[in-house]
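Side chains included, hydrogens not; waters and symmetry mates left out as well; all remaining heavy atoms used.
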Amino acid sequence: MKTIIIDDDKASIDTLTKKLKNYNDIELCGSTGTCSTGIHLAAETNPDVIFLDVELPDLSGLEFLVQLDNIVNGWCQVIMYTGHP
(Lines give C-alpha, C1' and ligand atoms only; values in the text may rest on other atoms or scores of the structure.)
Protein backbone atom coordinates (compact mmCIF):
# COMPACT_ATOMS: atom_id res chain seq x y z
CA MET A 1 0.00 0.00 0.00
CA LYS A 2 1.35 3.38 -0.98
CA THR A 3 1.29 5.66 2.05
CA ILE A 4 2.03 9.32 2.83
CA ILE A 5 2.21 11.25 6.11
CA ILE A 6 1.07 14.86 6.50
CA ASP A 7 2.05 16.26 9.91
CA ASP A 8 3.77 19.45 11.02
CA ASP A 9 5.51 17.69 13.94
CA LYS A 10 8.79 16.14 12.76
CA ALA A 11 9.02 13.85 15.81
CA SER A 12 5.56 12.43 15.02
CA ILE A 13 6.59 11.78 11.41
CA ASP A 14 9.78 10.05 12.57
CA THR A 15 7.91 7.85 15.07
CA LEU A 16 5.22 6.86 12.60
CA THR A 17 7.83 6.19 9.90
CA LYS A 18 9.69 3.79 12.22
CA LYS A 19 6.48 1.95 13.07
CA LEU A 20 5.40 1.64 9.43
CA LYS A 21 8.76 0.08 8.47
CA ASN A 22 7.65 -3.02 10.42
CA TYR A 23 5.05 -3.78 7.73
CA ASN A 24 6.31 -5.22 4.44
CA ASP A 25 3.15 -4.30 2.52
CA ILE A 26 3.44 -0.57 3.31
CA GLU A 27 5.48 1.65 1.01
CA LEU A 28 6.09 5.10 2.51
CA CYS A 29 6.08 7.40 -0.52
CA GLY A 30 6.82 10.59 1.40
CA SER A 31 5.95 12.95 4.19
CA THR A 32 5.37 16.67 4.54
CA GLY A 33 4.50 19.28 7.14
CA THR A 34 1.80 21.27 5.32
CA CYS A 35 -1.42 20.57 3.47
CA SER A 36 -0.30 22.54 0.43
CA THR A 37 2.70 20.26 -0.12
CA GLY A 38 0.56 17.30 0.93
CA ILE A 39 -1.79 18.05 -1.95
CA HIS A 40 1.13 17.88 -4.40
CA LEU A 41 2.48 14.73 -2.76
CA ALA A 42 -0.93 13.04 -2.97
CA ALA A 43 -1.29 14.02 -6.63
CA GLU A 44 2.18 12.63 -7.44
CA THR A 45 1.86 9.35 -5.54
CA ASN A 46 -1.90 8.57 -5.62
CA PRO A 47 -1.64 6.92 -2.17
CA ASP A 48 -3.78 4.14 -0.79
CA VAL A 49 -3.43 5.45 2.77
CA ILE A 50 -2.81 8.96 4.17
CA PHE A 51 -1.90 9.61 7.80
CA LEU A 52 -3.20 13.15 8.34
CA ASP A 53 -2.75 15.46 11.32
CA VAL A 54 -5.94 17.31 12.25
CA GLU A 55 -4.25 20.68 12.88
CA LEU A 56 -1.74 21.93 10.34
CA PRO A 57 -0.29 25.41 9.80
CA ASP A 58 -1.95 26.19 6.46
CA LEU A 59 -5.23 24.21 6.49
CA SER A 60 -7.03 21.91 8.85
CA GLY A 61 -7.06 18.22 8.06
CA LEU A 62 -10.78 18.50 7.33
CA GLU A 63 -10.18 21.26 4.77
CA PHE A 64 -7.53 19.05 3.19
CA LEU A 65 -10.07 16.23 2.83
CA VAL A 66 -12.37 18.47 0.78
CA GLN A 67 -9.55 19.05 -1.71
CA LEU A 68 -8.45 15.41 -1.67
CA ASP A 69 -11.52 14.28 -3.64
CA ASN A 70 -10.23 16.24 -6.65
CA ILE A 71 -6.69 14.88 -6.36
CA VAL A 72 -6.64 11.15 -5.69
CA ASN A 73 -7.79 8.77 -8.40
CA GLY A 74 -9.76 5.94 -6.87
CA TRP A 75 -10.03 4.76 -3.32
CA CYS A 76 -7.89 6.18 -0.49
CA GLN A 77 -8.15 5.63 3.26
CA VAL A 78 -7.35 8.58 5.54
CA ILE A 79 -6.30 8.11 9.14
CA MET A 80 -6.64 11.37 11.05
CA TYR A 81 -4.89 11.97 14.34
CA THR A 82 -3.78 14.77 16.64
CA GLY A 83 -1.40 15.40 19.51
CA HIS A 84 -3.89 17.81 21.12
CA PRO A 85 -6.54 16.87 23.69
Pair K10-D14, salt bridge (Lys or Arg N to Asp or Glu O under 4.0 Å): steps then yes or no: CA-CA 6 Å; K10 178 74 170 121; D14 292 343; 2.9 Å; yes
Check against side-chain contact (heavy atoms from CB on, under 4.5 Å), I4 and T45: CA-CA 8 Å; I4 64 173; T45 62; 3.7 Å; yes
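A 4.5 Å side-chain heavy-atom check between L62 and V66 finds every atom pair outside the cut-off. The shortest side-chain heavy-atom distance between Q67 and L59 falls under the 4.5 Å cut-off. Counting only heavy atoms from C-beta outward, the side chains of L68 and V78 approach each other to under 4.5 Å. In this structure the side chain of I39 reaches within 4.5 angstrom of the side chain of I71, judged on heavy atoms. You'll find the side chain of T32 stays beyond 4.5 Å of the side chain of H40, heavy atoms only. Looking only at side-chain heavy atoms (C-beta outward), M80 and L65 come within less than 4.5 Å of each other.
More than 12 non-hydrogen atoms from other residues, nucleotides or ligands lie less than 6.0 angstrom from OH of Y81.
Looking at every heavy atom in both residues, D7 comes nearest to D53 through OD1-OD2, 3.2 Å. Scanning all heavy atoms of the two residues, the minimum distance from G33 to P57 falls at O-CD, 3.6 Å. V72 and P47 get closest at one heavy-atom pair: CG1-O, 4.1 Å. Annotation for I13 and S31: closest pair CG2-OG, 3.6 Å, computed over non-hydrogen atoms. Annotation for F64 and G38: closest pair CE1-C, 3.9 Å, computed over non-hydrogen atoms. Here the closest non-hydrogen pair linking L20 and I5 is CD1-CD1, 4.2 Å.
Between atom CG of residue N73 and atom CG of residue N46 there is a gap of 5.0 Å, rounded to the nearest 0.5 Å. The NZ atom of K19 sits 9.0 Å away from atom CG of L16, with the distance rounded to the nearest 0.5 Å.
Proximity of a side-chain donor or acceptor of D58 to a complementary backbone N or O of S36 within less than 3.5 Å is detected. When atom types are taken as modelled, the side chain of K2 and the backbone of V49 share no donor-acceptor pair closer than 3.5 angstrom. Between the side chain of E63 and the backbone N or O of S60, at least one donor-acceptor pair lies under 3.5 Å. Distance alone, capped at 3.5 Å, is enough to place a donor-acceptor pair between the D9 side chain and the S12 backbone. D48 places no side-chain N or O within 3.5 Å of a backbone atom of C76 that could act as its donor or acceptor partner.
Taken together through direct or relayed side-chain contacts under 4.5 Å among Ile, Leu, Val, Met, Phe, Trp and Tyr, I6 and L28 form parts of separate hydrophobic clusters. There is a path of hydrophobic side-chain contacts, each under 4.5 Å, that joins Y23 to F51. A single hydrophobic cluster is seen to contain both V54 and L52, as judged by linkage of ILVMFWY side chains at heavy-atom distances under 4.5 Å, directly or through other members.
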